[in-house]
Each structure stands twice: as structure tokens, then as C-alpha cells.
Amino acid sequence: MISWTNFDELSSVKKLESAAKVDLTKEMAGENGAARVAKYSVPMSNGLAYNFASKQVNDEILGALADFAKEAQLTEKFQALYEGEVINTGEKRLVLHQLTRGQLGKDVVAEGVNKREFYVAQQEKIAAFANKVHSGEIVNEKGEKFTTAVQIGIGGSDLGPRAMYLALENWAKKNGCFKMEAKFISNVDPDDAALVLNSIDVEHSIFVLVSKSGTTLETLTNESFVKDALKKAGLDASKHMIAVTSETSPLAKSSDYLAAFFMDDYIGGRFSSTSAVGGAILSLAFGPEIFARFLNGAAAEDKNSTNADLLKNPAMLDALIGVYERNVLGYEATAVLPYSQALSRFPAHLQQADMESNGKSVNRFGEPVNYVTGPVIFGEPGTNGQHSFYQLLHQGKNVIPMQFIGFRNNQAEMDVDIQGSTSQQKLCANVAAQIMAFACGKVDENKNKNFEGNRPSSIIVGDKLTPEVLGALLAHFENKVMFQGFAWNLNSFDQEGVQLGKVLAKKVLAHETDGALKAYSDLLNI
């Protein structure tokens, strides 16, 4: 039987707290460091590996984390999730995003519907539609092919799909499967929509409106913005738009759209990249076969996350090292640092996935907790970040753990040898150098040039960023967030924190304000 217990009530936490702290300046120096790099590595799917040699852990701490995983019943809780128990206690919902890419356990039936069959049916429907667009069977009013797809959505309807598209754009062009350019409109700021509309050929563009409820203010405002632009161009908006929504939303059977594809309440926005939310835009951009490969990569990593052995479950291990850093070592933030330009928006996606999930101060029963929970997540791709915020990471007063992501080869297979090494070798050299600089530091009598070191990091390393590898990365971090939520006894699948501002914004627009809210409204000339 599963027990949902607060973090500070688990006896294994005391063992973690009493373990001697690891000094990376000693552990990572010389041959001892080389041995750690070989020892502290866990294989992932699709040729990836999670290496945590430069984390402040040792065998004693890993043993305590394994005890914690068992006492907290992390494996059992994941099984309960993917087999359809009501894990989202705040909204009394199932949590089924893993089911969009495979089935890990028994059939999940909700409202009389086999949910795996439902998600597969939507994928097949999207694939058929995308193929017709690519073949010219579905065309614009003049009988000409669409050349651009534009997603209109915000939050999870934008961040994940946008990050995934950018991650595969260069790869698809190199491998001959780039079908259509994709653009994204998210911000209600009219400059966002205007910039996109001014950069595309509207006549040959198909727009993907994404709103589960069909009532999202920012998204519907941007839809109206786009429809107005289409009308001014003399175009029938209903011949240029499709909807991704729920079956019960007002968009589901509207004649305003060429087609509608469905998601449901069991998939949260920040976990929706492998659903129709990501499926429509990615299938249009790269073809449904590439989207299917992306799903397969995620499914393979989901399977790894079912392993009860902590040292064979990279997502759980990554999660619990993060819990140790947050709750025992007291670190407040985590930097996600992909040394791959293709992953330029991946940290932004993980900001939402992590901070919207575990930025909570009450447990899954609504009771206040007496311990810290989710960290601040931020990041940029290397080497750009090195010339930005790495100064604080190296010498600031706050120690910030880092998660590097690196690949041995680039996607484009283009490179040049300069001064005895290629661009890719220079990129990878920077990854290795940064990990060691953070871990070991440098002693200097000039305190301005002194580096204390002992700054922890991990790296997920692979050969090349492909659709399968991207899917595996996505699933790894989604499952990491889930395991941390379980460890802290949180409901990681609602987001009440985003609601209050929406309510007040509606009052401002209705001119139902007083006090400081009215003063700010007047200041902004609303």
C-alpha cells in the first residue's frame, strides 16, 4: 500500500543529513577523479549516459538515497501514475502524459475510454492530416501548398513544442526531412504576433491554435489578431487554421477550423509536447515519422524510469541528488547548460516544467510543509553562458549546481579545423574544462583570481542530438520533476499559482478595480 508522507517525516532523511559531506576539490583531483568519472555513470536509452562524478556524492550518500527511494516508494508511485490512479489531487485527475508515447503497465480506462487507444488515434489523425498537407491534397484557397506552420499558444502550448522544433530544425534540414518552417506566437503583446506575421507569407501559412479549454485569454486574443490579418489579406481564416483542444471545448466542432485534434485533462500543458500539442506542429514541420521517432525515444527513457534500482534509473538518481542538494546542502537553484545550440530553448521549457510543478509550499493534501521544495531553474546554451552568468557560478557566494548536456558530434555535420582543432572539439573542450574548473577550482594569492571550487555538476552526454535522443532527454527531465515531487510529497500536476494574476487581469479589463490595482491600471493607461 502506498503511503504519501512528508519529506521530513521519513527516517532515511536523517541518514542523509548525518553523512559526511564530499569535497570535490579532493575527490575530482588526479587519478581519483578519473576513477570517479568511470564509476559514477549510468547508461540511459539511445546511447545517452548520465554522469554524476562531479556531484557531491559518494557511496555512503548514494546508499542513503537508495534507502530514501525505497522508503518514499518512488517506484510504486510512478507505477500508480502510469496505471491511472488519481495522482493530481488538486484537480482530482489522472496524469497520463507517458501514455502518449507508450504503455508501461495495464490498460488505463477513463470515462469508458481506453486512453492509450485515444492518444494513438489522435496521432494517426494528425499524421494523416500532415501527410495530406505535404502532398498538396490539403491546400490554401488558390490550390497552392502551405509552406509555413504557425503555432498559437502560451505556456505549455508554446515552450515545449517550440523547444522541440528548434532542437530538430537543423537535424531535419541535414537529413532531408524538413517539410515546413514553423513559427510560434505566444505573448499577448501585439508585437509578438506582428513580428511573426510580418516574417511569413500569410497566404501560404497554416495556423495551429492550441487551447485545451478553448478559453485561454492570451491565445484567443492572438487568434483574433491572426484572423484579422488573414481577413485584411483577403483570405478565409477557416481555410488556414486548425485547432488542438479538448473534445468538450467550443473549438472542437467549430467550422472556423480545417480540422481539430484532441487532448484531454489528463495531460498538463507543461507535459504536452508528446501529445497533439506538440504532435501537430512537429508533424507538419518534419513529418509524422520524425514525430514517431521522438515519441519512441521518450518511451524508452520512461521504461528506464520504472527500474527500482536507483543506480539503473537515471531520472530517479538525478532527482534524488537534486533533493539532497536542495534539502541537505541548501542550494537554491539549478543551472541547465546544454552545449548544443539546438537546445537553446530547452532550459526555458524546463523552467516551466520544473518550477510550475514543484514550486509549492503545501503538500498534496493542501497542508503547509516545513522544508524547501523546487529550486529556481535557469540556463543558456554553452559557450554563450560562459560569457554571461558563469562568473557568478564560479565565484559568487551562492553555490548553484549545474546540469550540463553535451554531444560528441554536431547535427549539421559541418565543421572546420582552426588552430589544430574543430569547432565541435572546441565546444566539447569547454564542457570538460568547465566541469573540472567548477569542481576543483584554483588557488591564487590574488583573491580576485582565486576559485574555491567544490561546485557540483552532472552531465548527460551522447553522440548526436536526434529525434530519439531528444525524446529521451525530454522524458528524463519530466520524470526527474515527477520523482522530486513524490519525494517532497507535492502535487506536481496542478498550477494554482498562475491563476490569481489571471483573475485580477480580468478585473482590470472590466474596470472593476480600486486602490493600488486601480492606480497601476491608470499608470498603464488601461
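Note that the structure is a prediction, hence the values are computed from the model and not measured. Numbering starts at 1 and runs along the sequence shown.
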Fill in: Polar side chain donor-acceptor pair, E169 to Y165, under 3.5 angstrom
yes
Worksheet entry | Side chains of E144 and V139 in contact at under 4.5 Å (non-hydrogen atoms) | no
Fill in: H476 side chain to E301 backbone, donor-acceptor under 3.5 Å
no
Worksheet item: Is a donor on one side and an acceptor on the other found under 3.5 Å between the side chain of Y257 and the backbone of A237?
Response: no
Worksheet item: Distance-only, no hydrogens or angles: does the D192 side chain make a donor-acceptor pair with backbone N or O of I185 under 3.5 Å?
Response: no
Discussion item. Tell me whether R162 at atom CZ has more than 12 heavy atoms from other residues, nucleotides or ligands lying less than 6.0 Å away.
Written reply: yes
Worksheet item: Between N114 and V109, is there a donor-acceptor pair closer than 3.5 Å when you use the side chain of the first and the backbone of the second?
Response: no
Worksheet item: Does the side chain of N313 come within less than 4.5 Å of Y50's, by heavy atoms?
Response: no
Item to complete: Inspect the contact between K183 and E181 and indicate whether a charged nitrogen and a carboxylate oxygen are less than 4.0 angstrom apart.
Response: yes
Worksheet item: Do V208 and I152 touch side chain to side chain, with heavy atoms closer than 4.5 Å?
Response: no
Practice prompt. Nearest 0.5 Å please: distance from the CE atom of M164 over to the CZ atom of R345.
Written response: 11.0 Å
Worksheet item: Got a sec, which residues hit side-chain hydrogen bond (donor to acceptor under 3.5 Å, both in side chains) with N489, two or more places apart in sequence or on another chain?
Response: N6
Worksheet item: Are side-chain N/O atoms of Q403 and K480 paired as donor and acceptor at under 3.5 Å?
Response: yes
Discussion item. For P43 versus P314, what's the shortest heavy-atom pair and its separation?
Written reply: O-CG, 4.1 Å
Discussion item. I'd like to know if E91 pairs up with R93 as an ion pair, taking the criterion as any Lys NZ or Arg NE/NH1/NH2 lying under 4.0 Å from an Asp or Glu carboxylate oxygen.
Written reply: yes
Fill in: N88 and D494 side chains, donor-acceptor separation under 3.5 Å
no
Discussion item. Is the terminal nitrogen or CZ of K464 (NZ for Lys, CZ for Arg) located under 6.0 angstrom from the six-membered ring centre of W171 and within 45° of that ring's axis?
Written reply: no
Worksheet entry | Candidate list L473, V42, N304, test side chain to side chain contact (heavy atoms under 4.5 Å, CB included), partner L48, passing option | L473
Item to complete: Would you please test R326 and V372 for side chain to side chain contact (heavy atoms under 4.5 Å, CB included) and show each step?
Response: CA-CA 7 Å; R326 187 78 179 101; V372 294; 3.6 Å; yes
Worksheet item: Between E289 and R293, is there a salt bridge with N-O shorter than 4.0 Å?
Response: no
Fill in: Under 3.5 Å: donor-acceptor pair, side chain of S224, backbone of L220
yes
Practice prompt. Look at the side chain of S254 and the backbone N and O of L251, then say whether any donor-acceptor pair between them is shorter than 3.5 Å.
Written response: no
Practice prompt. Determine, stepwise, if the pair N187 / I154 fulfils side chain to side chain contact (heavy atoms under 4.5 Å, CB included).
Written response: CA-CA 7 Å; N187 199 330; I154 197 166; 5.8 Å; no
Worksheet item: Should E203 and K142 count as side-chain neighbours, where that means a heavy-atom distance under 4.5 Å?
Response: yes
Response to the item:
Looking only at heavy atoms, the pair that brings G297 and S45 closest together is O-OG, 4.0 Å
Item to complete: For K77 and A72, indicate whether the former's side chain and the latter's backbone hold a donor-acceptor pair under 3.5 Å.
Response: yes
Worksheet item: Does a salt bridge link D264 with K212, judged by any charged N lying under 4.0 Å from a carboxylate O?
Response: no
Worksheet item: Can L166 and Q341 be said to form a side chain to side chain contact (heavy atoms under 4.5 Å, CB included), step by step?
Response: CA-CA 9 Å; L166 292 174; Q341 188 60 30; over 6 Å; no
Worksheet entry | From CA spacing to verdict: ring pair (Phe, Tyr, Trp, His ring centres under 6.0 Å), Y324, F68 | CA-CA 10 Å; Y324 175 70; F68 177 88; over 10 Å; no
Item to complete: List the steps, then state whether ring pair (Phe, Tyr, Trp, His ring centres under 6.0 Å) holds for F146 with H240.
Response: CA-CA 9 Å; F146 291 109; H240 285 260; 5.6 Å; yes
Worksheet entry | S492 vs S357, side-chain hydrogen bond (donor to acceptor under 3.5 Å, both in side chains): CA-CA, chis, key distance, verdict | CA-CA 4 Å; S492 301; S357 295; 5.5 Å; no
Discussion item. Just verifying a value: how many Å separate T75 OG1 and L310 CG, rounded to the nearest 0.5 Å?
Written reply: 9.0 Å
Worksheet item: So, D256 versus S238: side-chain donor-acceptor pair below 3.5 Å or not?
Response: no
Discussion item. Salt bridge (Lys or Arg N to Asp or Glu O under 4.0 Å) for R101 and D302? Distances and angles first, verdict last.
Written reply: CA-CA 9 Å; R101 58 243 195 177; D302 283 340; 2.7 Å; yes
Worksheet item: Within 45° of the ring axis of F118 and under 6.0 Å from its six-membered ring centre, is that where the NZ or CZ of K115 lies?
Response: yes
Discussion item. Less than 4.5 Å apart, side chain to side chain, heavy atoms only: is that true for L474 and S273?
Written reply: yes
Discussion item. Could you tell me if the side chain of I321 sits less than 4.5 Å from the side chain of L317, heavy atoms only?
Written reply: yes
Discussion item. I'd like to know if the side chain of S211 pairs up with that of T216 as donor and acceptor (distance under 3.5 Å, no hydrogens or angles considered).
Written reply: yes
Worksheet item: Would you call D354 and R270 a salt bridge, taking side-chain N to carboxylate O under 4.0 Å as the test?
Response: no
Discussion item. Closer than 3.5 angstrom, by distance alone: can the side chain of N491 be matched with the main-chain N or O of N363 as a donor-acceptor pair?
Written reply: no
Worksheet item: Stepwise, does the ring pair (Phe, Tyr, Trp, His ring centres under 6.0 Å) test hold for F486 with F78?
Response: CA-CA 9 Å; F486 289 159; F78 184 28; 7.6 Å; no
Worksheet item: Using 4.0 Å as the upper bound for N to carboxylate O, is an ion pair formed by E141 and K239?
Response: no
Practice prompt. Look up atom CD in E332 and atom CD in E325, then write down how far apart they are to the nearest 0.5 Å.
Written response: 13.0 Å
Practice prompt. List the steps and the verdict of ring pair (Phe, Tyr, Trp, His ring centres under 6.0 Å) for F286 and F291.
Written response: CA-CA 7 Å; F286 308 130; F291 182 64; 10.0 Å; no
Practice prompt. Could you give me the CA-CA distance, side-chain angles and deciding distance for T147 and S205, then say whether side chain to side chain contact (heavy atoms under 4.5 Å, CB included) is met?
Written response: CA-CA 6 Å; T147 58; S205 297; 5.5 Å; no
Worksheet item: Does the N327 side chain pair with the main chain of T373, one donor and one acceptor, at a distance under 3.5 Å?
Response: no
Discussion item. Please find the pair of heavy atoms, one from F271 and one from T274, that lie closest to each other, and give the distance.
Written reply: O-OG1, 4.3 Å
Fill in: Test item: M355 and Q495 side chains (from C-beta on) under 4.5 Å apart, heavy atoms
no
Practice prompt. Report yes or no: does S458 contribute a side-chain atom to a donor-acceptor pair with the main-chain N or O of F52 at less than 3.5 Å?
Written response: no
Worksheet item: Of the non-hydrogen atoms in A315 and S305, which two are nearest, and what is the gap between them?
Response: CB-OG, 3.6 Å
Worksheet entry | F493 CZ to R364 CZ distance, which is reported to the nearest 0.5 Å | 8.5 Å
Worksheet item: Got a second to check how far L320's CG is from L74's CG, nearest 0.5 Å?
Response: 5.5 Å
Worksheet entry | Residue pair L490 / V362: nearest heavy atoms and the distance that separates them | CD2-O, 3.5 Å
Practice prompt. Report yes if the side chains of I138 and F129 come closer than 4.5 Å at any heavy-atom pair, otherwise no.
Written response: yes
Practice prompt. Measure the CG-CG distance between D265 and L94 for me, rounded to the nearest 0.5 Å.
Written response: 10.5 Å
